[in-house]
Amino acid sequence: MSTILEQKCPNCGGAVEFNTGAQRLKCPYCDAEFDIAAAPEGNSNEVEQINWNSQGAQWGAGETEGMSVYACNSCGGEIVADATTGATSCPYCGNQVVMKGQFSGALKPDLVIPFKLDKKAAKEALKKHISGKKFVPKSFLADNRLEEIKGVYVPHWLFTCDAIGNANYKATKVKKWSDDNYEYTETSYFDVYRSGNIGFDNIPVDGSTKMSDDLMESVEPFDLSQAVDFNTAYLAGYLADKYDVTAEESMPRANERIRQSIDDAFKDTVKGYDDVESQNVSMNVANGIYKYALYPVWLLNTSWNNEKFTFAMNGQTGKFVGNIPTDKKAVTKASLLLGAGIGAVIYGLMWLIELL
Amino acid sequence: MKKLLSITLALFICFSMFINASAATDNYIIDYAEKLASSEIEELEAYAARLENKYGVCVMFCITDGTGDVSADEFSQATYSEYTDNENGIIIVHDDGNKTYSVFSSGNAGEVLTDAAVDSMRDAYDMNESYYGGIYACYELAEEYLENGYSGGYVYDEEPVKGENSTEEGNEKDGVSIIWLPISLIIGLVVGFLIVNGIASKNKSVKMQKNATVYTRPGSMVITGSADNFLYKNLDRTEKPKQTEKN
């Protein structure tokens with residue numbers, strides 16, 4: 001058994017939660033509010049050894065790998081969680097608990113961006129997201145059911161560096177002219193070289209294998225100026241995971257984005273050509289540092305036609321993403337109708353021009 | 001008696017021919033633009049004279065570089081009146097300078113050389129690369145129409161070429177060919193497909209970020225090296241499509 005932490009109200013003993021509106025801890029039972037800095041230490045107990053002897057089957061070697069077992073401080077219920085789970089709720093009493101060991105020592109996040117938007121805002125954003133889209137199957141709008149909504153602190157690695165880049169481009173200039181008999185096209189080819197430096201601050205890379213990388217990158221960017229030093233009190237009322245992708249494993253993705261940024265930025269300086277094509281981009285990184293941060297994300301799971309749809313909302317800015325199914329028949333029908341209409345207009349305009 | 005009758009008949013025929021010849025116009029081809037050789041003009045004149053003698057309709061053709069201060073209609077009417085007294089006739093004026101046509105028809109000519117007939121004559125003229133060949137083709141068609149018209153063969157158009165002394169602007173539009181309808185439809189379908197799929201693609205909002213530009217430190221970019229080196233050049237020469245002399 002591991003150590004777990006519960007934020008308890010000093011007034012009534014109820015489990016307190018982080019309130020997004022007040023940006024403070026709040027007791028849902030007696031409405032008492034506390035600053036994060038003055039948050040009660042919580043009741044951290046080493047769970048006592050259970051001396052019952054089981055007659056049944058025992059976990060074999062390796063079977064409990066990836067699982068952690070905790071005991072709820074409020075009701076004593078056993079919480080079986082993923083090895084990376086850092087905060088969750090007790091399935092028996094509903095109290096919010098934080099697995100203290102998941103964020104201690106070297107595992108402690110440097111920063112956390114607290115949730116600014118609550119569950120209600122996430123639900124409204126989902127409605128708005130779906131209702132504003134075209135060619136969505138009508139049955140999806142009618143039958144799509146919200147099955148789960150959860151606020152999750154997602155572990156991210158933040159990379160800061162000075163990048164030194166070199167890039168080569170193949171550029172062309174095209175000149176056209178004609179005389180009485182011929183049309184001429186002269187294409188001039190150039191090798192263009194650029195080198196320089198660009199600084200990058202806090203490029204985030206998803207540090208959790210549970211979260212899909214494209215979903216996490218889609219809810220970017222987060223405003224890191226609103227990040228605060230990590231405190232377990234911010235996790236109360238939300239789910240949280242510790243990273244299971246190391247910083248070293250995340251670096252290639254950060255490098256990939258840096259390289260593309262260098263390419264794009266240097267390409268913008270290649271002017272006066274009709275076409276510019278990247279040939280080669282190389283880079284070195286200096287003063288590279290990385291930080292560990294928890295980013296707030298609302299995850300919403302819906303189902304339709306036995307298919308799961310996951311939506312995500314940036315818990316700080318409200319940016320909402322998620323793929324919605326498309327009614328292919330409606331798309332085909334609209335394409336044909338619009339195409340026929342445009343075709344008729346083109347033909348009509350040709351007549352008009354001819355007659356004028 | 002028979003001999004006398006024969007001589008009288010011969011004299012009558014000669015007289016008739018003389019009358020017809022004197023009624024015929026010498027200037028069926030008016031070449032202000034000097035596009036035709038004199039031998040070509042003579043040949044075309046002979047053809048036109050033959051038509052007038054046979055059908056009583058004067059078919060004139062005029063090539064000019066401009067109509068001066070008068071309109072194309074006035075020019076065609078004035079030219080017709082200047083060169084013939086035949087009440088039944090038609091003149092096609094090709095303004096080579098302005099690339100326009102005008103037509104003036106008089107008397108009963110319009111009943112046979114209708115809108116459609118004149119259009120096809122003009123097309124035949126257009127399709128020929130030489131002026132002589134074009135006018136000759138035009139006369140051939142005129143002869144065919146006159147022959148069929150006089151023999152009650154077929155009607156080319158319900159409506160004659162305007163009323164007496166009416167004029168028609170020669171550059172009247174033929175409309176857009178029906179072949180453009182499926183082409184327009186295909187273009188429309190492609191455009192429609194792109195627009196609709198562009199809208200539908202907004203239903204997909206989950207994707208990896210392409211770069212980290214949003215995390216670039218403001219003002220941190222410094223270009224330290226820059227070179228634009230010319231490598232080589234290619235010159236492509238394409239022959240222009242040939243145009244006919246008239247067009």
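By convention in this document, chain letters (A, B, ...) are assigned in the order of the sequence lines, proteins followed by strands, and residues within each chain are numbered from 1.
With a 4.5 angstrom heavy-atom cutoff, A/Thr187 touches chain B via backbone and side-chain atoms both. Contact of A/Asp327 with chain B is not made at all, since no heavy-atom distance falls under 4.5 Å. With a 4.5 Å cut-off on non-hydrogen atoms, A/Asp191 touches chain B through its backbone and its side chain both. The parts of A/Asn197 that come within reach of chain B are both its backbone and its side chain, each placing non-hydrogen atoms under 4.5 angstrom from that chain. Contacts of A/Asp179 with chain B are made by backbone atoms alone, with heavy-atom separations under 4.5 Å and no side-chain atom involved. Using a 4.5 Å cut-off between heavy atoms, B/Leu194 does not touch chain A at all.
With ring centers used as reference points, A/Phe309 lies under 6.0 Å from A/Phe140.
Here A/Thr185 is the residue among A/Asp162, A/Thr185, A/Ile342 with the most heavy-atom pairs under 4.5 Å with chain B. Note: B/Asn234 leads B/Leu189, B/Val190, B/Asn234 in heavy-atom pairs under 4.5 Å with chain A. Note on A/Tyr182, A/Phe135, A/Phe266: by heavy-atom pairs under 4.5 Å with chain B, the leading option is A/Tyr182. Considering only heavy-atom pairs separated by less than 4.5 Å from chain B, the leading option among A/Leu215, A/Thr332, A/Ile198 is A/Ile198. Listed options B/Gly219, B/Ser205, B/Gly192 were ranked by heavy-atom pairs under 4.5 angstrom with chain A; first place goes to B/Ser205. Interface summary for chain B: among A/Asn168, A/Ile258, A/Asp180, the most heavy-atom pairs under 4.5 angstrom belong to A/Asp180. Note: A/Asn181 leads A/Thr326, A/Val345, A/Thr160, A/Asn181 in heavy-atom pairs under 4.5 Å with chain B. Among B/Leu185, B/Ile186, B/Ile199, B/Leu181, the residue making the largest number of heavy-atom pairs under 4.5 Å with chain A is B/Leu181.
A salt bridge between B/Asp96 and B/Lys35 is present, with a side-chain N of the basic residue lying under 4.0 Å from a carboxylate O of the acidic one. A salt bridge links A/Asp201 with B/Arg217; the closest basic N to acidic carboxylate O contact falls under 4.0 Å. Salt bridge present: A/Glu186 and B/Lys233 bring a charged side-chain N and a carboxylate O closer than 4.0 Å. A salt bridge links A/Glu256 and A/Arg253; the closest N-O separation between the charged side-chain nitrogens and carboxylate oxygens is under 4.0 Å. Between A/Glu217 and A/Lys319 there is no salt bridge, since no side-chain nitrogen of the basic residue lies less than 4.0 Å from a carboxylate oxygen of the acidic one.
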Could you go step by step and tell me if A/Tyr169 and A/Tyr193 meet the ring-ring contact (aromatic ring centres under 6.0 Å, His included) rule?
CA-CA 6 Å; A/Tyr169 301 94; A/Tyr193 167 77; 9.5 Å; no
Test ring-ring contact (aromatic ring centres under 6.0 Å, His included) on A/Phe159 and A/Phe200 and set out the steps.
CA-CA 8 Å; A/Phe159 294 91; A/Phe200 293 91; over 10 Å; no
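In this structure, B/Arg237 fails the cation-pi test against A/Tyr184, since its NZ or CZ atom is not both closer than 6.0 Å to the six-membered ring centre and inside 45 degrees of the ring normal.
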